[in-house]
Every structure is written in structure tokens, then in C-alpha cells.
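A short worksheet on the structure shown next.
In listed order, ligands and their atoms are each counted from 1.
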Amino acid sequence: MAILVFPGKGGTGKTTLSALTVKYFAEKGEITLALDFDPDSHLHKLLGLPLKKTVGQVVDRVHKEKKAELEPKKPLDVSDHEYFLSLIAKDVFVEGEKFDILTLGKPSIDIDCYCPVFIWAEYAINQIMRSYGMPYKHIVVDCDPGTEIFPRKILDHIAQNRGIDYILVVLDGSRMSLDTAKDIIREAKSRNLKVRRIYGIGNRVDNEEIQKQFIEVAKKNYEIEIIGFIPTDQEISKRSLLNQNILDIPNSPAYQAIKNILTKLKI
Ligand SMILES: Nc1ncnc2c1ncn2[C@@H]1O[C@H](COP(=O)(O)OP(=O)(O)O)[C@@H](O)[C@H]1O
Ligand SMILES: [Mg+2]
């Protein structure tokens, strides 16, 4: 089993690499739970699954119907829990053939804090794992941009006692993406999140000379080891434009590259 987390700066390729990873596991016949933590919620499209509702929309609905207090620290009423879970199972959780997906989304109601979505999502994930008897061989987390995910403790819950196997920070070859990576690593460490290894992945850094420089800068100035590079892939661009999933892409360059990285990590 592997728990893989893909954080990074916005637009670096987190969702694309998460989806290609899920595809790889599916081809090996290994069942994955895909978690889309980005409020923009695109992962389901790349995986060819419909988006029913997001956890955020369910939070909205429960809020409206039950007029629940959504203060982060308030313990939820048991009947709220049951009702909420029934909605998650029916409206949010989407089961595919070789993977399932849970999409967090964002609440549309006028609350300042995104915390309730995470609290309810955390609860839902725990219940899913418990009630399904943890059927998943892998968990893949497509993060929101930046470091937001770390203070929310949801990763601690997902990792439970075993810890996260790999945080694979997605980088686009820019200094900005390295700065974000540095913040991500600092957050992960300062919060004592149990992680086996953290690596950087360079996405769309195609020039070999620049790749070498990037590896150097990442190592020297940021203490980040680059585990590999994913090339710009026309097939990915085309599918993104046409809003098509990536499940049946042939052995295209980006897919081959992510497979090489996962093999290197012995996953
Ligand atoms: N290796 C790649 N080759 C071609 N296009 C890519 C590649 N990686 C990402 N993209 C494109 O870049 C855009 C941003 O990627 P995405 O995975 O959504 O980033 P993020 O989730 O980090 O915001 C998308 O349109 C995606 O199709
Ligand atoms: Mg994304």
C-alpha cells in the first residue's frame, strides 16, 4: 500500500500527475482512493468520473437544512453525523471500477472559514475507510495550491498510524515553485507529519541543461531532491483542451515518465 500526496504551487501539474498515478495503479489492478482537495475540483474529469456533489456542497446543504453551527471546534451532533454520511455516500462518493473519488470542493455559503469542509471530509474519510474495511491499496491526494492543507490535520488522519509514504511536490522549473515547495516541506516538518520521504518532481522542464541547473538549485538552495522530470506532453494538452479524461492515453511521454518515477520509488 502507498499513500502519495501531490502538493505544489498552483498550475504546476498536481492534478495531472495525481490522475496519471491513479491510472498507473488501475492498470496494475490496484484499487485506489483518490482525494481531490483542490477547491477547483478537476481530478474527476481527468479520471473520467462524474462529479456528483462535493463535500462542500453537502456541508452547505446540512447547514441550510439543519441550521448546524459550523464553528470548527464545535462537536457535531450525532444525528448530523449520520445524516451527513448518508449524503456523502449517496451524493459525493463516486465509485469507479479501479478507483473511487471523494471531492472536497468548497462551501458556497457565506462562511469565512474553509475548516468545516475539512472537518466533515475528515470524518467522511474515516468512515469510508472503516465501513469499507479499507479496501484500498493506495491513496492519492491531489492537493490545493500552497501549504493550506497542512494546518488542517486532514493528512494526519489519512496517514493514521502508518504515515504518508511520499510527498511528491510538483515543480515547474521556476524559483516560485521551489519557494512554495520549501514552505510545504517546512509545514510538513513543523507539524510532525509522519512522512517517509519528500521529493520534488519537475514537470514540463524539458531542456536538459535547465534540468541539470534545476537539480542543482533545488539541492543546494532548497535541500530538495528531484526524483525525476515529466515532459511536456501534447496528448495531455489536447485532452485538457477537449475536456477529455487521461485514462486511455497510450504510453505517452508524461505517462511513461511518471511510471518510471513510481517504479523508482518501488511503488
Ligand atoms: N506534462 C504536461 N504536458 C502537457 N500539459 C500539462 C502537463 N502537466 C500539466 N499540463 C497542463 O497544465 C495545466 C495545469 O495542470 P494541472 O495538473 O491542472 O495543475 P495543478 O493541479 O497543479 O493546478 C493543465 O491544463 C494541464 O493539462
Ligand atoms: Mg489541480
Side-chain angles (χ1 to χ4, degrees), residues 4-24 32 34-49 51 54-56 99 101-106 114 117-118 121 139-150 152 154-155 166-185 198-208 210-211 214 224 226-262:
L4 303 179
V5 178
F6 289 90
K9 185 179 145 316
T12 46
K14 300 177 290 298
T15 304
T16 304
L17 301 194
S18 300
L20 290 172
T21 300
V22 173
K23 168 180 160 71
Y24 172 64
T32 302
L35 298 172
D36 184 352
F37 284 4
D38 188 337
D40 278 343
S41 316
H42 295 305
L43 185 62
H44 69 280
K45 281 185 232 159
L46 270 60
L47 292 175
L49 289 177
L51 178 66
T54 66
V55 176
F99 46 82
I101 186 167
L102 188 76
T103 303
L104 259 65
K106 55 190 167 217
Y114 193 37
V117 178
F118 275 87
I139 299 177
V140 171
V141 184
D142 176 17
C143 296
D144 48 351
T147 58
E148 281 286 288
I149 195 165
F150 294 97
R152 301 193 194 280
I154 194 160
L155 288 178
Y166 295 106
I167 292 186
L168 300 170
V169 187
V170 187
L171 303 154
D172 60 7
S174 69
R175 275 281 179 160
M176 284 92 84
S177 67
L178 281 166
D179 287 334
T180 304
K182 191 175 163 187
D183 293 342
I184 287 167
I185 293 167
I198 302 177
Y199 290 107
I201 295 182
N203 186 27
R204 309 170 87 176
V205 188
D206 295 341
N207 179 289
E208 272 187 33
I210 297 177
Q211 285 184 359
F214 190 67
I224 296 171
I226 306 297
I227 186 81
F229 289 94
I230 310 292
T232 304
D233 186 327
Q234 301 314 324
E235 195 62 38
I236 303 266
S237 310
K238 192 181 92 190
R239 278 158 195 257
S240 169
L241 180 66
L242 300 178
N243 222 1
Q244 291 171 342
N245 73 67
I246 52 91
L247 286 180
D248 62 347
I249 57 167
N251 225 355
S252 72
Y255 184 46
Q256 190 57 52
I258 193 81
K259 280 204 289 191
N260 291 345
I261 290 173
L262 296 170

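Taking CG of Leu155 as the reference point, atom SG of Cys143 lies at 6.0 Å (rounded to 0.5 Å). The structure places CZ of Phe118 at 5.0 Å from CG of Asp144, a figure rounded to the nearest 0.5 Å.
Considering backbone and side-chain N/O atoms, Gly13 comes within less than 3.5 Å of an N/O atom of ligand 1. Close N/O approach between Asp142 and ligand 1 is not found [any backbone or side-chain N/O within under 3.5 Å]. Note: no N/O pair closer than 3.5 Å links Asp38 and ligand 1 by distance alone. At least one N/O-N/O distance between Thr12 and ligand 1 falls below 3.5 Å.
Under a 4.0 Å criterion applied to the non-hydrogen atoms of Ser237, ligand 1 contributes the atoms 4 (C), 5 (N). Atoms of ligand 1 lying under 4.0 Å from any heavy atom of Ser240, numbered from 1 in the order shown and given with element: 24 (C), 25 (O), 27 (O). Less than 4.0 angstrom separates some heavy atom of Asp233 from each of these atoms of ligand 1: 2 (C), 3 (N), 4 (C). Short contacts between ligand 1 and Gly11, defined as distances under 4.0 Å to a heavy atom of the residue, involve ligand atoms 14 (C), 19 (O), 20 (P), 22 (O), 23 (O). Ligand-side atoms of ligand 1 in range of Pro231: 1 (N), 2 (C), 3 (N), range being under 4.0 angstrom from any heavy atom.
Proximity of a side-chain donor or acceptor of Lys14 to a complementary backbone N or O of Lys9 within less than 3.5 Å is detected. Distance alone, capped at 3.5 Å, is enough to place a donor-acceptor pair between the Thr21 side chain and the Leu17 backbone. Judged purely by atom type and a 3.5 angstrom limit, Asp206 uses its side chain to pair as donor or acceptor with the backbone of Thr232.
Within the coordination shell of the Mg ion (ligand 2), defined by N, O or S atoms under 2.8 Å, Ser18 is absent.
Only the side chain of Arg204 comes within 4.0 Å of ligand 1, counting heavy atoms alone; its backbone N, CA, C and O stay farther away. Using a 4.0 Å cut-off between heavy atoms, Asn203 contacts ligand 1 through its side chain alone, with no backbone atom that close.
Judged by the shortest distance from any of its heavy atoms, Gly8 lies outside the 4.0 Å radius around the atoms of ligand 1.
Scanning the protein heavy atoms around atom 22 (O) of ligand 1, the nearest turns out to be Lys14 NZ, 2.7 Å. Looking from atom 26 (C) of ligand 1 to the surrounding protein, the closest heavy atom is Thr16 OG1, 3.7 Å.
With no hydrogens or angles considered, a side-chain donor-acceptor pair links Asp142 and Thr15 at under 3.5 Å. At a cut-off of 3.5 Å, with distance as the only test, a side-chain donor of Ser252 or Asp233 sits close to an acceptor on the other residue.
The 12-atom threshold is exceeded at NZ of Lys259, counting heavy atoms of other residues, nucleotides or ligands nearer than 6.0 Å.
Under 4.0 Å is where a charged nitrogen must lie from a carboxylate oxygen, and between Arg239 and Asp248 at least one such pair does.
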